[in-house]
Protein chains: 2
Amino acid sequence: MTDGLEILPVRGIGDVVAGDDLAELITAAAPWLADGDVLVVTSKIVSKAEGRLAEVPADGPAREEARREVLAAETARVVARRGPTTIVQTHHGFVMAAAGIDASNVDKTHLVLLPADPDASARQLRAAFAERGLDVGVIVSDTMGRAWRNGLTDVALGAAGIEPIRDHRGETDPYGNELEITQMAVIDELAAAGELVKGKCDQVPVAVVRGYPRAGIGDSAGASVLLRDAASDMFSLGTAEARAAGLLDAAQLPDGALPGLPIDPAAVDRAAAAVAGLISPAVTVAPAEVVTGSGATAALHLRSRDMTPAGLMRLGADAHRLRAALAAESIVTLSLPHEDGIRLELSGN
Amino acid sequence: MTDGLEILPVRGIGDVVAGDDLAELITAAAPWLADGDVLVVTSKIVSKAEGRLAEVPADGPAREEARREVLAAETARVVARRGPTTIVQTHHGFVMAAAGIDASNVDKTHLVLLPADPDASARQLRAAFAERGLDVGVIVSDTMGRAWRNGLTDVALGAAGIEPIRDHRGETDPYGNELEITQMAVIDELAAAGELVKGKCDQVPVAVVRGYPRAGIGDSAGASVLLRDAASDMFSLGTAEARAAGLLDAAQLPDGALPGLPIDPAAVDRAAAAVAGLISPAVTVAPAEVVTGSGATAALHLRSRDMTPAGLMRLGADAHRLRAALAAESIVTLSLPHEDGIRLELSGN
């Protein structure tokens, strides 16, 4: 590995406006830049140079309204809301509070949006340095919150000329164990390291990491490889939002063909236990024989000693309670009301 | 801010065993340590020195069984499961895959657990350096996954002699805007920076950060201030787990006094629309007058043209569908079946 790194601030870049040549500004401020350096560039100055600004009123309700509209335009989907906080997934795929829109370090009539394509921004900036004869890696960084831990850290939105991931797969430790922890998000760690020498208000929008081994890296994969898509993300929705989705699932339990997969009897018992105190004392739930061609792999029969209209309606509601509890155990159901009660056909999912 | 940082690897520490004096091992390997340095110490060597190991069979099903038992003992609650991955919250409060239990860099008959109290470990290590006349900050680090982003990064499990958070509250930028992003988790960023010079298999378990301004810091708050408790965490459960919890909520909708809070009529409309295609064509849902002392602020009346036993059971199930859909909109309900149908009393929550 490396003999050590230096993390150096680049001061004196000053205010950046649309159309500015960032490579020019950075090389003027840091004439000591050298081949092999990795530049960590705050996304804000990239956005400003690229004109990624939205005009908004300086204050009042109109500002709030405009801000909401800008947020909606930057949002692909809402991930979670609580109080004034809205966490969204942007069109790029970043999960960030307020879509990364920022009102700091810009005049009061503008909001700064994220760069449209931070990997492309990083590639362009790296190419602009290459034109000056400098072979550097470029990371476009921004500040993000995270689940589970207080406080914010800087991560990489875009990258060029540096491998985003250091992969330990196939390595064995001195004891002969193959490594379990395999993929380090090194560009996020480099962005975090850069943040340590950058101020929020101190006009230090660029840090240089010197000594990180990136020799031989050409046009690498960008930071987008760090984006986990919602389908493979175990935390794609806020807990409250997912819980509400589960309630909606219960409201919309389908009646249709069943997958025909096997069922763990213990899961059925857990579901029955979950509603035991809530269903009518007049209602009984008993295993039934599987007879239909619905794909069921098990069946339950609900009956009630109370066959008055109120008792029958209660039986229907209780059957739906049980269906929801079974769904919570990943068991899908088909409800078949008949004169004698309700037959629930069950299948694994 | 700083003029720049150096991140230096500490090599030659060698294998660490229970009872080892880490301060002794580190100062021997890095005689160049100086006042003001921040040591980033991989939690694994802290655990080994403290004897935080669990004995397990070297292979076979017995090993897997023992590993499951160790995981259960280290787990305060399960956060999410998918396939072979179990993410838990440890008794310390960390949210980590497999409770941070690690089988690498240890012989095959042991697993390494996290230190019992990483902040205490950091304080003790800092005190041991102080006894040698060295005023250093200490971070105990480990590798963690995160939501939304692929790849792992190192974060701080414990800290001493360094402020865990750099707080920008009250600062204004050059444009006069008060900062919105206020609290940087700098010890996590320092841990990440340290990881860049540490190998996973290279026996470089310690990095030194030189030049980070921590002068005047005595016994600071530890890394535990970065732990977000589940109640204030918007991602306290995996999406699938929270969705299952929502299904269970639907199974267990209570019948009791209502909070009496106002309701957004649009939310009622959304709930009705959510079940419109699923409830029986014979069923009608109409607003009703609020008359009871239940705390309801709105009421709905469900009736069916089909008053056969099957029709009445269906009406009961449909009412429960609507209750679940209303609950998804944060509207609580009380179900009152009677001869003429079902009256749902509604309240905000």
Side-chain angles (χ1 to χ4, degrees), chain A residues 1-2 4-5 7-8 80 82 95 104-105 107 143 147-153 165 168 171 173 175 177 181 183 185 188-189 192-193 196-197 199-201 226 228 234-239 242-248 250-251 275 309-310 312-313 315-317 320-321 324-325 327-328 337, chain B residues 1-2 4-5 7-8 80 82 95 104-105 107 143 147-151 153 165 168 171 173 175 177 179 181 183 185 188-189 192-193 196-197 199-201 226 228 234-239 242-248 250-251 275 309-310 312-313 315-317 320-321 324-325 327-328 337:
Chain A
M1 291 275 322
T2 173
L5 305 178
I7 319 288
L8 306 164
R82 188 181 287 190
V95 175
S104 68
N105 287 293
D107 72 84
T143 303
W148 318 319
R149 293 177 71 75
N150 295 319
L152 305 147
T153 62
I165 285 173
H168 296 281
E171 295 179 29
D173 67 23
Y175 296 86
N177 303 300
I181 289 171
Q183 300 196 299
D188 282 352
E189 295 188 321
L196 292 166
V197 304
K200 288 286 170 209
C201 303
L226 295 186
R228 190 179 289 148
M234 294 163 79
F235 299 89
S236 60
L237 271 183
T239 300
R243 206 157 176 157
L247 282 159
L248 200 58
V275 298
L312 288 161
M313 289 186 284
L315 179 57
H320 203 81
R321 284 188 189 271
Chain B
M1 291 278 321
T2 174
L5 305 178
I7 321 287
L8 305 165
R82 188 181 288 189
V95 175
S104 69
N105 287 293
D107 71 84
T143 303
W148 317 320
R149 293 177 72 76
N150 294 320
T153 62
I165 285 173
H168 296 280
E171 294 178 29
D173 69 22
Y175 296 86
N177 304 300
L179 282 190
I181 290 171
Q183 300 196 298
D188 282 352
E189 295 188 320
L196 292 166
V197 303
K200 289 285 171 210
C201 303
L226 295 187
R228 189 179 290 147
M234 294 163 79
F235 299 89
S236 60
L237 271 183
T239 300
R243 206 156 175 157
L247 282 159
L248 200 57
V275 297
L312 287 162
M313 289 185 285
L315 179 57
H320 203 81
R321 284 187 189 272

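So you know, we letter chains A, B, ... as the sequences are listed, proteins then strands, and number each from 1.
The CG atom of B:Asp188 sits 10.5 Å away from the CG atom of A:Leu152 when rounded to the nearest 0.5 Å. Atom CD1 of B:Ile7 sits about 4.5 Å away from atom CD1 of A:Ile7, to the nearest 0.5 Å. The distance from atom CG of B:Leu196 to atom CD of A:Glu189, rounded to the nearest 0.5 Å, is 5.0 Å.
Closest of all the heavy-atom pairs between A:Ala147 and B:Ala147 is CB-CB, 4.2 Å. Of all heavy-atom pairs spanning A:His320 and B:His320, the tightest one is CD2-CD2, 3.7 Å. The shortest heavy-atom contact between B:Ala193 and A:Ala193 is CB-CB, 3.7 Å. Of all heavy-atom pairs spanning A:Phe235 and B:Ala80, the tightest one is CZ-CB, 3.7 Å.
Proximity to chain B is absent for every atom of A:Ile165, based on heavy atoms less than 4.5 angstrom apart.
Applying the side chain to side chain donor-acceptor pair (under 3.5 Å) criterion to B:Arg321, with sequence neighbours excluded, gives no partner residue. With sequence neighbours excluded, the residues forming a side-chain contact (heavy atoms from CB on, under 4.5 Å) with B:Pro309 are A:Leu312, A:Glu339, listed by chain and number.
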Point to revise | Steps toward side-chain contact (heavy atoms from CB on, under 4.5 Å) verdict (B:Arg228, A:Arg149) | key: CA-CA 5 Å; B:Arg228 189 179 290 147; A:Arg149 293 177 71 75; 5.9 Å; no

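Of the listed residues (B:Ala310, B:Gly151, B:Ala250, B:Ala192), the one with the most heavy-atom contacts under 4.5 Å to chain A is B:Ala192.
The closest side-chain heavy-atom distance from A:Asn150 to B:Gln183 is not below 4.5 Å.
Under a 3.5 Å cut-off, the side chain of A:Thr239 and the backbone N or O of B:Ala242 do not form any donor-acceptor pair.
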